[in-house]
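On a predicted model such as this, the values are computed, not experimentally measured, just so you know. Convention: sequence-line order gives letters A, B, ...; per-chain numbering from 1. Quick note: numbers below take in every heavy atom, side chains included, and nothing from hydrogens, waters or symmetry partners.
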2 protein chains.
Amino acid sequence: MKTKDNKIPEATIKRLSTYVNYLGRLGTDSNPVISSEILGESCQVSPAQIRKDLSYFGEFGVRGVGYDTKKLEAEIKDILGINHSWPTTVIGVGKLGQALLNFDFFRNHGFRIIAAFDSDPGKIGARITDEISILPTGDIEKTVNEKQISIGIITTPADWAQDVADRLIAGGIKGILNFAPIKVKVPDSIILRNVSITSELDNLAYLLTQKKRQ
Amino acid sequence: MKTKDNKIPEATIKRLSTYVNYLGRLGTDSNPVISSEILGESCQVSPAQIRKDLSYFGEFGVRGVGYDTKKLEAEIKDILGINHSWPTTVIGVGKLGQALLNFDFFRNHGFRIIAAFDSDPGKIGARITDEISILPTGDIEKTVNEKQISIGIITTPADWAQDVADRLIAGGIKGILNFAPIKVKVPDSIILRNVSITSELDNLAYLLTQKKRQ
DNA sequence: CCAACAATGTGATAACTGTCACACAATCGT
DNA sequence: ACGATTGTGTGACAGTTATCACATTGTTGG
Ligand SMILES: NC(=O)c1ccc[n+]([C@@H]2O[C@H](COP(=O)([O-])OP(=O)(O)OC[C@H]3O[C@@H](n4cnc5c(N)ncnc54)[C@H](O)[C@@H]3O)[C@@H](O)[C@H]2O)c1
Ligand SMILES: NC(=O)c1ccc[n+]([C@@H]2O[C@H](COP(=O)([O-])OP(=O)(O)OC[C@H]3O[C@@H](n4cnc5c(N)ncnc54)[C@H](O)[C@@H]3O)[C@@H](O)[C@H]2O)c1
């Protein structure tokens with residue numbers, strides 16, 4: 001795969017994720033080929049935007065025809081790096097952590113949760129699946145290191161997020177997805193992304209308020 | 001509150017949410033005043049960016065001093081429209097829906113979940129809290145209308161998201177927060193925001209892959 | 001009262017992102 | 001064989017967002 005440039009807009013990556021998700025839901029048998037027009041309608045993105053997004057990474061379509069559905073899906077998965085399974089762990093098996101642990105979608109789309117941690121003695125040892133049982137927080141460093149876990153998902157209360165992040169990093173984690181409503185500090189070598197559900201709701205509230213005030 | 005302009009960057013709103021969240025966590029007693037420098041360090045935003053963000057809405061600080069912590073928090077809540085409680089409902093009381101229903105944080109920060117819906121006969125009728133028990137999907141229109149619910153949070157499987165959205169809209173909903181991995185179609189008058197956890201993970205995978213390939 | 005200082009608010013500028021039009025390549029029908 | 005048609009790929013342009021420098025304004029200590 002060629003990357004013409006390394007200055008890809010973040011929004012482009014987000015859209016690629018949408019495209020690949022939609023392509024995966026398509027019956028490839030009935031739709032062997034798809035145009036940017038049709039794809040755009042489903043993803044609510046302009047056709048030109050789709051072509052532009054793809055053009056950052058190469059030429060995947062056939063002029064006058066469109067894109068081979070299956071091939072395009074594979075190409076985007078390759079671009080995003082979800083054509084293999086990233087070993088992943090969840091720390092904090094509360095309400096949200098359990099939802100993520102039981103979310104099968106991940107398994108088929110590039111992520112494999114292979115460990116779970118909690119600090120609650122009442123939870124430690126509980127089986128989640130055949131291969132996962134809840135480990136104590138103190139084991140994070142060792143386990144991440146031994147199992148070569150790449151991605152850590154933090155779903156502990158905010159007060160513990162930094163501590164957990166530090167442990168993950170000590171164990172050699174590569175990337176962190178943080179659900180706690182706090183900005184954890186990590187060295188530049190670690191990729192960090194935050195999911196802020198609260199901020200999405202706040203945004204909704206703002207737009208509703210705007211509409212009312214206008 | 002004055003709004004100088006109605007072209008506020010979406011990123012600004014997202015950051016305001018971060019600021020207000022951080023300010024809420026501060027002990028206002030020990031920190032009656034805060035500078036853009038300090039706030040920026042905690043929120044990982046440049047001081048200039050913070051001042052710019054706030055300047056879209058007015059002048060809230062005192063030159064040479066900084067911002068009154070409590071007052072700034074109140075001002076941002078006012079800007080975002082989270083200085084009162086939005087009546088909210090969750091549709092799809094599965095793993096994720098339950099996590100959201102039990103997330104107390106919302107209650108103290110501008111959102112009050114006052115109804116929950118599911119289509120599973122085994123779940124209907126179950127009590128969530130004193131005031132909420134799970135209602136059947138067929139009641140969405142009526143309940144949203146009667147209780148004047150403003151915001152609907154969709155946590156059903158993707159295949160049902162559009163149906164649920166249509167019912168919410170028929171009931172007079174104002175805004176929708178959608179967790180299902182599909183783009184639901186809504187009229188322009190409805191505010192729609194999507195939370196895509198998968199896309200955040202994809203983004204993480206992309207960045208990790210980039211790092212590896214570089 | 002004034003000078004030294006601290007931190008805000010903002011216009012100018014740079015960087016980034018999205019839109020659009022159209023050249024170009026492949027296919028299809030005659 | 002070739003013109004008509006379809007839909008991609010991309011350069012030029014427009015719009016948006018972030019960064020920076022500094023003028024401005026309030027505070028504090030002598
Ligand atoms: N529930 C939601 O809908 C929601 C939404 C947005 C953000 N969040 C955030 O996600 C995080 C988890 O939320 P939740 O609702 O699942 O809370 P929860 O209380 O249900 O779960 C937290 C879990 O973390 C465990 N834990 C505490 N300290 C720990 C530590 N040091 N190491 C490992 N595990 C530890 C607890 O034992 C518990 O099982 C919080 O930071 C919350 O703000 C939750
Ligand atoms: N669990 C996660 O971590 C996670 C992460 C990202 C996105 N999501 C998305 O959130 C949604 C819910 O995920 P989940 O893990 O909670 O699934 P789940 O299967 O645990 O829950 C889905 C719930 O929706 C109910 N439901 C089904 N059809 C309905 C209808 N027509 N009306 C009302 N309720 C209906 C089901 O009875 C069930 O209780 C899915 O779209 C999923 O893709 C989940």
Side-chain angles (χ1 to χ4, degrees), chain A residues 1-19 23 31-69 71-73 75-76 79 199 203 206-207 210, chain B residues 1-19 23 31-69 71-73 75-76 79 199 203 206-207 210:
Chain A
M1 198 202 65
K2 61 177 169 177
T3 309
K4 290 181 177 177
D5 195 343
N6 51 5
K7 284 187 169 183
I8 314 293
E10 176 164 328
T12 289
I13 304 303
K14 194 163 188 172
R15 284 189 297 266
L16 287 179
S17 178
T18 310
Y19 306 156
L23 292 171
N31 302 328
V33 167
I34 193 168
S35 68
S36 58
E37 176 90 29
I38 302 296
L39 181 57
E41 212 163 305
S42 305
C43 299
Q44 289 173 39
V45 173
S46 78
Q49 182 73 74
I50 292 184
R51 298 200 296 275
K52 188 68 154 184
D53 286 339
L54 294 173
S55 79
Y56 286 120
F57 300 96
E59 306 188 4
F60 306 114
V62 180
R63 298 186 184 206
V65 180
Y67 303 90
D68 179 308
T69 308
K71 205 173 122 200
L72 183 60
E73 186 188 356
E75 289 282 10
I76 299 180
I79 292 168
S199 133
N203 211 316
Y206 170 73
L207 293 171
Q210 277 301 98
Chain B
M1 194 202 68
K2 63 177 167 178
T3 307
K4 291 181 177 179
D5 195 343
N6 52 5
K7 285 187 168 182
I8 314 293
E10 175 164 329
T12 290
I13 304 304
K14 192 162 189 173
R15 285 190 296 267
L16 287 179
S17 177
T18 309
Y19 306 156
L23 292 171
N31 302 322
V33 168
I34 192 166
S35 68
S36 59
E37 175 89 30
I38 301 296
L39 181 57
E41 212 163 306
S42 305
C43 298
Q44 290 173 40
V45 172
S46 77
Q49 182 72 75
I50 293 184
R51 298 199 297 275
K52 189 68 156 181
D53 286 340
L54 294 174
S55 79
Y56 287 120
F57 301 95
E59 306 189 5
F60 306 113
V62 179
R63 298 186 185 207
V65 179
Y67 303 89
D68 179 308
T69 308
K71 203 174 124 201
L72 183 60
E73 186 189 355
E75 290 281 9
I76 299 180
I79 292 168
S199 133
N203 211 316
Y206 170 74
L207 293 170
Q210 278 300 97

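Of the candidates C:dT19, C:dG9, D:dA18, the closest approach to any side-chain atom of B:E59 belongs to C:dG9. For A:S46, whose side chain is taken as the heavy atoms from C-beta onward, the closest listed nucleotide among C:dG18, C:dT19, D:dG9 is C:dT19. Side chain of B:Q49, nearest nucleotide from D:dA18, D:dG7, C:dT8: D:dA18.
Listed by chain and number, the residues in a side-chain contact (heavy atoms from CB on, under 4.5 Å) with B:S36 are B:P47, B:I50, B:R51, B:Y67 (sequence neighbours excluded). Every salt bridge (Lys or Arg N to Asp or Glu O under 4.0 Å) that B:R15 has, sequence neighbours left out, goes to B:D53.
When rounded to the nearest whole Å, the span between CD of A:E10 and P of C:dG18 equals 11 Å. The separation between A:L72 atom CG and D:dG7 atom P is 16 Å, rounded to whole Å. The CD-P distance, from B:E37 to C:dG9, rounds to 15 Å in whole Å. A straight line from CD1 of A:I50 to P of D:dG7 spans 14 Å, rounded to a whole angstrom. For the pair B:I13 CD1 and D:dA18 P, the computed distance is 11 Å after rounding to whole Å. Rounded to whole Å, atom P of C:dA26 lies 17 Å from atom CZ of A:F60. Between the C1' atom of C:dT19 and the CG atom of A:D53 lies a distance of 12 Å, rounded to the nearest Å. Look at CD1 on A:I34: it is 14 Å from C1' on D:dT8, rounded to the nearest Å.
Shown here is B:E41, whose CD atom has no more than 12 heavy atoms of other residues, nucleotides or ligands within 6.0 Å.
Under 4.0 angstrom from either OP1 or OP2 of C:dG18 there lies no side-chain N or O belonging to A:Y56. Between B:S36 and C:dA7 there is no side-chain N or O to OP1 or OP2 distance below 4.0 Å.
Distance check, rounded to the nearest 0.5 Å: SG of B:C43 to CG of B:L23 gives 7.0 Å. A:N203 CG to A:Y206 OH: the interatomic distance, rounded to the nearest 0.5 Å, is 9.0 Å.
With hydrogens and angles ignored, the 3.5 Å screen pairs a side-chain donor or acceptor of A:T69 with a backbone N or O of A:N31. Judged by distance alone, with hydrogens and angles left aside, the side-chain atoms of B:S17 form no donor-acceptor pair with the main-chain N or O of B:I13 at under 3.5 Å.
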Per-nt protein contacts along nucleotides 20-30 of chain D (heavy atom under 4.0 Å; B base, S backbone sugar-phosphate only, - none) come out as BB--BBSS---
